[in-house]
Trainee: 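Take this structure first; my questions come after.
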Amino acid sequence: MTDTSKLIEGRTGQWEVVLGLEVHAQVASNAKLFSGAAVGFGAGPNEQVSLVDAAMPGMLPVINRHCVEQAVKTGLGLKAQINLRSRFDRKNYFYPDLPQGYQISQFKDPIVGEGEVIVERDDGSTFTVRIERLHLEQDAGKSLHDQDPNATYVDLNRAGTALMEIVSRPDMRCAEEAAAYVKKLKTILVYLGTCDGDMDKGNLRADVNVSVCRPGAYEKFRETGDFSHLGTRCEIKNVNSYRYIQQAIEYEARRQIEIIEDGGKIDQETRLFDPGKLETRSMRSKEEAHDYRYFPDPDLLPLELDPAWVEAIKATLPELPDAKKARLQSQYGLTAYDAGVLIGEAAKADFFETAAKGRDAKLTSNWVTNELTAKLSAGNIEIVDSPLGPDAIAELVALIEEGVISSKIAKDVFERMWAGDGRPREIVEKQGLQQVSDTGALDAIIDALIAANPGQASAVKEKPQAIGWFVGQVMKETGGKANPGTVNQLLKAKLGL
Ligand code: ADP
Ligand code: MG
């Protein structure tokens with residue numbers, strides 16, 4: 001393992017950050033985990049609440065088979081242990097938006113055990129985050145404090161919705177790594193179709209555990225597994241964007257360092273991130289498992305999975321991001337970086353593969369990941385809704401490959417394509433954008449230039465790199481349409497190089 005922590009300079013020396021994440025992912029499902037009530041965004045308050053969700057006396061939970069299947073699928077996608085026998089427990093606490101007075105969760109025996117996620121950094125390198133467990137649990141409802149000056153309203157639409165809590169080991173060492181981990185996890189879930197990954201709607205959110213330690217301590221922890229080498233952690237609840245995750249970590253690490261350097265100690269607590277003030281604030285001191293009086297839910301039998309059913313689910317898994325990345329690299333000769341960008345979205349990789357048929361793969365990948373992606377994100381357009389299809393990009397790439405247009409002119413052509421001016425070949429013909437490779441036309445221009453600039457011409461004989469000046473002039477005269485290869489050839493011949 002290489003150490004990738006970023007050192008933070010304190011008053012008393014250097015510090016490192018250690019991060020472990022608990023990600024809550026809402027299971028993609030039409031119905032809740034233990035009731036048939038609908039799940040969905042945008043319904044009126046309390047329109048999606050069954051008697052089970054409202055915890056009416058005598059109601060009994062019934063497990064939703066689809067949600068279990070989604071959890072198993074996710075576990076398989078995380079290359080994790082699937083536990084054929086798991087159990088639901090009651091986690092007892094009081095909150096107005098939790099009518100049962102307890103949350104049904106999994107404590108001792110989760111449905112999914114240890115797995116791993118391989119994460120790409122911005123520079124294309126990767127690191128591994130170990131997954132400790134994934135368990136199924138119910139979401140709570142929502143308290144609305146802003147509807148009335150004197151009262152709090154409760155909306156139970158979300159109460160009972162199935163969540164997967166995915167707990168990582170403390171394997172991230174800086175804010176960027178934590179954000180990159182969530183990004184990769186989200187990609188995997190979206191590929192699997194087990195969570196829509198919509199962070200704006202809170203369907204994917206992270207509790208971020210942060211601690212700080214002196215250089216070297218983390219290595220000791222990894223060697224021994226002994227947590228006492230690490231600092232005391234604080235947990236920042238429900239952070240729902242990559243930017244907030246990073247900002248919360250930066251602030252929290254600094255806060256902890258200052259306390260320790262001032263001679264204080266960190267209290268293990270749960271904190272909230274305030275995006276307005278860019279700071280974390282204490283919510284409550286950390287509760288321990290025993291505070292919740294966990295016990296097996298007597299309304300639910302242990303969950304027993306048939307190994308054949310698990311195998312059948314395995315057979316339905318799509319090609320996952322890591323496999324797709326490896327295939328794009330080997331099949332098309334792409335770099336790890338390019339392949340990593342393309343697999344960020346399955347639809348983007350598909351678009352590339354369709355466009356790249358018979359074309360230069362690297363060039364096609366560049367057009368998809370640079371120009372096209374920039375336009376799509378500026379217009380907030382999904383790639384599946386792109387006004388330019390793979391065939392249009394392929395045609396543009398073909399024009400470059402055939403030497404009809406230069407890469408520079410191709411950018412103009414692309415702008416016109418995006419503006420709806422037509423197919424690339426049409427645009428090139430209509431606008432007369434073809435490269436001038438015709439030596440006759442270029443001959444005359446070059447002869448005139450040499451005649452008009454005898455000083456430059458003799459300078460080139462002394463210093464051959466100075467030929468660039470002539471190339472530039474020819475480009476200027478031809479509006480960038482001269483074929484640079486032909487121009488160079490002609491210039492060399494005429495200048496006697
Ligand atoms: P709890 O259920 O009380 O939140 P867990 O054992 O489930 O506790 O751990 C929660 C998360 O905290 C895990 O993601 C784990 O990796 C992380 N974690 C544990 N110790 C530390 C630490 N010293 N620094 C940072 N993260 C930590
Ligand atoms: Mg926890």
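Counting convention: from 1, in listed order, for ligands and their atoms alike.
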Trainee: Any atoms of ligand 1 less than 4.0 Å from a non-hydrogen atom of Gly231? List them with their elements.
Mentor: 23 (N)
Trainee: Between CD of Glu47 and CG of Asp155, what distance do you get to the nearest 0.5 Å?
Mentor: 9.0 Å
Trainee: Let's go through Glu235 and Gln268 carefully: what are the C-alpha distance in whole Å and the side-chain angles of both, what is the deciding distance for side chain to side chain donor-acceptor pair (under 3.5 Å) to 0.1 Å, and is it a yes or a no?
Mentor: CA-CA 8 Å; Glu235 177 175 348; Gln268 192 176 332; over 6 Å; no
Trainee: Please find out if less than 6.0 Å separates the ring center of Phe88 from that of Phe34.
Mentor: yes
Trainee: Could you check whether Phe273 and Tyr251 have their ring centres less than 6.0 Å apart?
Mentor: no
Trainee: Using only heavy-atom distances, determine whether the side chains of Glu219 and His229 contain a donor-acceptor pair under 3.5 Å.
Mentor: no
Trainee: For ligand 1 and Pro170, I'd like to know whether there is a polar contact (N/O to N/O, distance under 3.5 Å).
Mentor: yes
Trainee: If we only count N/O pairs under 3.5 Å, is Val167 in contact with ligand 1?
Mentor: no
Trainee: Taking heavy atoms and a distance under 4.0 Å, where does Leu21 meet ligand 1: side chain, backbone, both or neither?
Mentor: backbone
Trainee: Geometry only, no angles: is Glu132 polar-contacting ligand 1 at N/O separations under 3.5 Å?
Mentor: no
Trainee: Would you mind listing which atoms of ligand 1 come within a distance below 4.0 Å of any non-hydrogen atom of Leu230?
Mentor: 23 (N)
Trainee: Under 6.0 Å from the NZ atom of Lys79, do we count more than 12 heavy atoms belonging to anything else shown?
Mentor: yes
Trainee: Short list, please: which atoms of ligand 1 are under 4.0 Å from a heavy atom of Ser168?
Mentor: 13 (C), 14 (O), 15 (C), 16 (O)
Trainee: For atom 19 (C) of ligand 1, which candidate among Arg169, Glu165, Arg233 provides the closest heavy atom?
Mentor: Arg233
Trainee: Counting each atom of ligand 1 from 1 as listed, which ones have a heavy atom of Phe227 under 4.0 Å away?
Mentor: 19 (C), 20 (N)
Trainee: Backbone, side chain, both or neither: what part of Asn209 comes under 4.0 angstrom of ligand 1, heavy atoms only?
Mentor: both
Trainee: Taking the six-membered ring of Phe295, is NZ or CZ of Arg90 closer than 6.0 Å to its centre and within 45° of its axis?
Mentor: no
Trainee: Side chain of Asp262, backbone of Gly264: donor and acceptor closer than 3.5 Å?
Mentor: no
Trainee: Within ligand 1, which atoms have a heavy atom of Glu235 less than 4.0 Å away?
Mentor: 4 (O)
